[in-house]
Amino acid sequence: MNRNRHQETTEITDLILEAAAKARDEIGVVGKQAATAKSVKWPIDCTIGPGLEGAIACESKVGYVNGSEGMLSYRGHDIFELCAYSTYEEVSYLLLHGHLPTATELHEFEQKLINYRHMNKTLRLLMSYPVEEMNAMAALRMGTIFMRQEFTTLDREESKPTLDDAISSDEDSIAMETKPSGESRAIYEFKKRKKRKKKKSGLDDASGLEACYHLIAGVPTITAAITRLRKGMMPYEPLNELGHAANIFYMMNGRRPTPIEERVLDVTLILHADHGMNASTFASMVVASTMSDIYFSVGSGIAALNGPLHGGANERVLHTLREVGSPENAKAWVAETLAKNEKVPGFGHRVYKAYDPRARILGPLAKFHCADCKSEIQDLIATAEQVENAVVGSLAQEKKIFPNVDYYSGVVYTRLGIDPAMFTPLFAVSRVAGWTARVLEYIQNNRIFRPRALYTGKFNQEFTPIDER
Ligand code: ACO
């Protein structure tokens, strides 16, 4: 890896390496991990809670989250190293292809992304809708469907997947569901399965990888266009000479970023690119598993990411910090909120029961980037620090609640001139790499997702005619 590529932003590299060293100190020396993790023999036993908590749905080589220690890696590469030395383009390539690109591979990949930034037909379609009146994530989701129309031939009869391609039977017809309590295990699923041959699917038609590249490049163009259309202004044309992050900044703000702004945005993109089987990734994989295509999959990821318990939290954090008002109010505000049993946006995580490594980078990054800016943003960051102290002071020991990725990202985005309504779309801009990488991996050995529900309702109800109810 070329460790000198970020020559103009060495302060940011240093800050990330410091955060990495601090994480290592706090986590302690963890037993050296094996070079590779082992594959399992299915079926497997695992303890499952509501919301599929604890369930293992598939095997993956894309990324690893260690929630108890607070570690994250993509394809075996530690997140701190990737943020310190890499770029979003390189990380997207890594997620999709499984290895870091050579200089030639990276150049070709970057050229493809640059070509796919231009989506005139999609933008024309988008502009024919009242985007300024829409939820930005709804507009983004719609935009991915327009992209599908622009890029693929999927709706042509000959491109549709055949029944022969389908990979699972209609499981509702299987006797298990007729027993009131069901079988303790979904035994029927695990009859001996031969390794499937790779079949043609809707994704092949959209050229698989090419469609992934198209989405990684195109979702930012749509996001930037939505930013502009919401203000009643025309979208900016992408600039081919700019890198991925710099071009996004340009299309959103109408000016080229400084090297620091470009790097800050690039780091936030890397940090949000993938994160295990989170709700939006799972949503996109569920859709792909039905032999739908990657555009529908990404659209579902966007829909799931929108919720306040997932990607929507970053926008709420900013509103919360503004509501708190000043660092002096933080302690009382947190005490009052926790006394009402309310959650503080930007804290807690289903998987991390330790400090989220992404927040370890975003916190110092926010402080660094806000150090020279106007007092409103300085206040915001000072308030954020005090709220963090108060929440961690109250909840870290007992409930293992720490800041998550959404906590400082809103402050970073605000410093980059991004409107709060665009925070979650920007999250999607980055996560599209993880969604597509995991979908591509999963469909290589596809099996339709179909968990069960435990029926707790009534039986043997008599039908009462409507006028007797
Ligand atoms: N503030 C205060 N208390 C919290 C918070 C919080 N943000 N998060 C969890 N807790 C408490 C809960 O009240 C609960 O306490 P209890 O055991 O006394 O009832 C305990 O910690 C466990 O919380 P759960 O909600 O059961 O944890 P779960 O794993 O289901 O939820 C979640 C994780 C949804 C992220 C939760 O922490 C939350 O709602 N956080 C705020 C929203 C947020 O920041 N979401 C972004 C997550 S990161 C991402 O998706 C990109």
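Numbering of ligands and ligand atoms starts at 1, following listing order.
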> Once the angle between the rings of H244 and Y88 is folded into 0 to 90°, is it parallel (under 30°), tilted (30 to 60°) or perpendicular (over 60°)?
Replying inline: parallel
- Query: With only distance considered, is G311 within less than 3.5 Å of ligand 1 through an N or O on each side?
  - Reply: no
Going by the 4.0 angstrom heavy-atom rule, the piece of N404 near ligand 1 is side chain
Atoms of ligand 1 under 4.0 Å from any heavy atom of L309, numbered from 1 in the order shown, are 39 (O), 45 (N), 46 (C), 47 (C), 50 (O)
Exercise. Mind telling me whether H214 and Y116 have parallel, tilted or perpendicular rings, with 30° and 60° as the class edges?
Key: perpendicular
Measure the acute angle between the ring planes of F423 and Y413, then classify it against the limits of 30° and 60° as parallel, tilted or perpendicular. tilted
message = Is there a polar contact, in the sense of an N or O pair closer than 3.5 Å, between R350 and ligand 1?
response = yes
Are any of the protein's heavy atoms under 4.0 angstrom from atom 26 (O) of ligand 1, yes or no?
no
_Geometric N/O contact G346 with ligand 1, under 3.5 angstrom_ = yes
Self-check item: Per-atom contact, atom 39 (O) of ligand 1, protein heavy atoms, under 4.0 angstrom
Solution: yes
If you compare K399, K343, H349, R358 by their heavy atoms, the one closest to atom 5 (C) of ligand 1 turns out to be K343
Can you see whether S280 engages W435 through a side-chain donor-acceptor pair at a distance of less than 3.5 angstrom?
yes
- Query: Does some non-hydrogen atom of the protein lie less than 4.0 angstrom from atom 46 (C) of ligand 1?
  - Reply: yes
Residue, atom and distance of the protein heavy atom nearest atom 50 (O) of ligand 1 read H310 ND1, 2.9 Å
Atom 42 (C) of ligand 1: of A304, P308, G348, G67, the nearest heavy atom sits on P308
- Hey, does the Lys NZ or Arg CZ of R228 hover above the aromatic six-ring of Y236, less than 6.0 Å from the centre and inside 45° of the axis? yes
Atom 23 (O) of ligand 1: protein heavy atom closer than 4.0 Å? no
Numbered in order shown, the ligand 1 atoms found under 4.0 Å of a heavy atom of D406 are 46 (C), 48 (S), 49 (C), 51 (C)
Assess whether a salt bridge exists between D274 and R431, defined as any Lys/Arg side-chain N lying under 4.0 Å from an Asp/Glu carboxylate O.
no
Closest heavy-atom approach to atom 11 (C) of ligand 1 among T337, V405, I401 is made by I401
Correct closest heavy-atom pair for S300 and V287 would be OG-CG2, 3.0 Å
- Taking the side chain as C-beta and beyond, is there a heavy-atom pair between L416 and E261 under 4.5 Å? yes
Fill in: Ionic contact status for E18 with K22, cut-off 4.0 Å
no
### Query
Between Y352 and F402, is the gap from one ring center to the other below 6.0 Å?
no
If you compare V317, L395, L305 by their heavy atoms, the one closest to atom 2 (C) of ligand 1 turns out to be L395
Judged by heavy atoms only, the candidate from F347, Y352, F427, Y407 nearest atom 51 (C) of ligand 1 is F427
shortest atom 1 (N) of ligand 1-to-protein heavy-atom contact is with V344 N, 2.9 Å
(Q) Can you tell whether the side chains of E441 and K61 come within less than 4.0 Å, N to carboxylate O? (A) no
among protein heavy atoms, the one nearest atom 43 (C) of ligand 1 is A313 CB, 3.5 Å
